[in-house]
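Heads up, the thing below is written out as structure tokens.
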Amino acid sequence: MAVSVVGVTAYGRCVADEQAGSLDLAAGRGARSGMAIRFHHIAYRALDVCNAVEMAAIEAAVARTGLPPGARVLDIGCGNGAVAARLARMGFAVTAVERDADMADLARERTAGSGAEVVQADSGEVLAASQPWDLILALGATEAAAAGLREPQAVLARLKQHLRPGGWLLWGDLFWAAEPPAPLRMLVEATNDYLSHEGWQAAARAAGYGVDQAQASSAESWDRYTAAMDGAARDWLAVHGDAPEAATVRAAADRVRTMFDFGRPYIGFGLYLLKAD
């Protein structure tokens with residue numbers, strides 16, 4: 001789902017500005033639309049997972065479900081497609097949904113040959129048109145259940161409606177590790193509402209799930225995540241410093257770095273494996 005680079009994108013959203021153009025980074029301009037590329041189109045090419053969480057943690061959580069090969073999996077807000085590709089290669093029947101057209105192109109590139117299907121659409125449309133799923137993943141997805149639905153318990157409850165009885169939701173999102181300054185809360189919650197680590201678990205239980213596992217990402221995971229994004233942007237700028245979009249990319253990279261430096265004491269990333277009761 002698309003949000004501004006100024007806001008919560010800086011803290012784990014694997015999304016791109018809805019006005020962004022192509023992912024043709026070598027050329028520096030949008031191949032499909034002729035529009036300039038944006039910071040997150042550059043940064044997410046450098047990432048394995050588009051959030052501050054390790055692929056190994058995702059694989060381990062999925063393994064805990066005991067789902068057999070062929071189980072139907074929906075990856076909401078798949079971003080660069082790396083998670084969808086990994087799950088497809090684990091034998092699952094994966095459908096990956098991404099609203100942003102250029103990120104969907106990147107996801108198709110990453111998932112090529114894996115068996116995963118990438119659909120460019122709003123997640124609500126795909127959920128409404130599909131049969132119940134064995135597993136839904138939503139890792140840092142904006143408005144994961146439906147456009148305009150932001151309240152955490154309501155989002156989790158809506159997703160539960162699209163799981164088979166006893167199905168699973170692997171939810172990953174920001175949490176407040178400490179009470180943030182009001183300006184930081186306003187900025188980070190520009191597109192989604194967030195809870196504490198314990199609050200997410202309470203919301204899941206209230207929405208009708210059992211909490212099988214809840215874990216917070218380590219400082220090392222955050223460091224790798226932020227360094228990869230920042231490094232990709234700086235590398236691009238070193239080559240394309242004279243490109244028309246260079247000033248915008250540089251400003252966004254500087255803004256993201258500043259937000260992380262300021263926000264790290266207040267923000268964590270949680271991974272929650274939830275089973276529909």
Side-chain angles (χ1 to χ4, degrees), residues 1 12-15 44 47-100 103-104 106-107 110-111 114-127 130-146 152 155-164 166-175 192 200 203-204 207 209-215 217 221 269-276:
M1 306 293 287
R13 325 305 304 172
C14 189
V15 297
Y44 292 144
L47 295 173
D48 192 16
V49 182
C50 295
N51 292 280
V53 62
E54 305 295 334
M55 185 70 80
I58 296 169
E59 291 179 330
V62 172
R64 287 178 65 91
T65 67
L67 290 171
R72 297 176 63 249
V73 175
L74 178 67
D75 183 4
I76 293 175
C78 71
N80 66 16
V83 172
R86 187 68 60 89
L87 295 181
R89 292 188 172 103
M90 291 170 65
F92 299 112
V94 179
T95 299
V97 182
E98 174 55 51
R99 175 181 174 180
D100 180 87
M103 291 304 292
L106 176 56
R110 286 277 180 93
T111 59
S114 71
E117 176 189 12
V118 177
V119 178
Q120 184 206 336
D122 288 335
S123 57
E125 298 171 357
V126 175
L127 288 165
S130 60
Q131 296 297 312
W133 298 87
D134 297 306
L135 168 66
I136 294 175
L137 288 87
L139 306 178
T142 303
E143 297 184 345
V155 172
L156 297 175
R158 181 72 62 86
L159 290 173
K160 182 174 178 287
Q161 295 174 8
H162 298 282
L163 290 169
R164 65 165 177 78
W168 298 84
L169 171 64
L170 184 57
W171 179 263
D173 219 331
L174 306 179
F175 66 81
N192 271 4
W200 276 118
Y209 295 92
V211 179
D212 183 86
Q213 186 181 57
Q215 55 186 311
S217 292
S221 292
F269 190 89
L271 188 65
Y272 309 95
L273 180 60
L274 312 175
K275 186 172 185 179

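Throughout, residue positions are numbered sequentially from 1 according to the sequence presented.
- Using a 4.5 Å heavy-atom cutoff, the side chains of V97 and L127 are not in contact.
- Residues L139 and I58 form a side-chain contact, since some pair of their non-hydrogen atoms from C-beta on lies under 4.5 Å apart.
- Applying the salt bridge (Lys or Arg N to Asp or Glu O under 4.0 Å) test to R64 and every residue at least two apart in sequence or in another chain returns D212.
- Counting only heavy atoms from C-beta outward, the side chains of R164 and R72 never approach each other to under 4.5 Å.
- Residues I136 and L170 are not in side-chain contact: their nearest non-hydrogen atoms beyond the backbone lie 4.5 Å or more apart.
- Taking the side-chain contact (heavy atoms from CB on, under 4.5 Å) definition, one finds that A71 meets it with L67, P68, F92, D134, sequence neighbours left out.
- When all heavy atoms of G81 and R110 are compared, the pair lying nearest together is C-CB, 4.2 Å.
- In this view, E125 satisfies the salt bridge (Lys or Arg N to Asp or Glu O under 4.0 Å) rule with no residue, not counting sequence neighbours.
- For the pair I76/V126, no side-chain contact is recorded, criterion being any heavy-atom separation below 4.5 Å from C-beta on.
- Rounding to the nearest 0.5 Å places CE of M90 at 5.5 Å from CD of E59.
- In this structure the side chain of E143 never reaches within 4.5 angstrom of the side chain of D122, judged on heavy atoms.
- Contact annotation: the side chain of L87 never approaches that of D75 to less than 4.5 Å [non-hydrogen atoms, C-beta and beyond].
- The SG atom of C50 sits 5.5 Å away from atom CE of M103, with the distance rounded to the nearest 0.5 Å.
- The residue from Y272, Y209, W200, F269 that alone fulfils the ring-ring contact (aromatic ring centres under 6.0 Å, His included) condition with W171 is W200.
- Expressed to the nearest 0.5 Å, how far OG1 of T111 lies from CZ of R89 amounts to 8.0 Å.
- With a 4.5 Å cut-off on side-chain heavy atoms, M55 and V83 count as touching.
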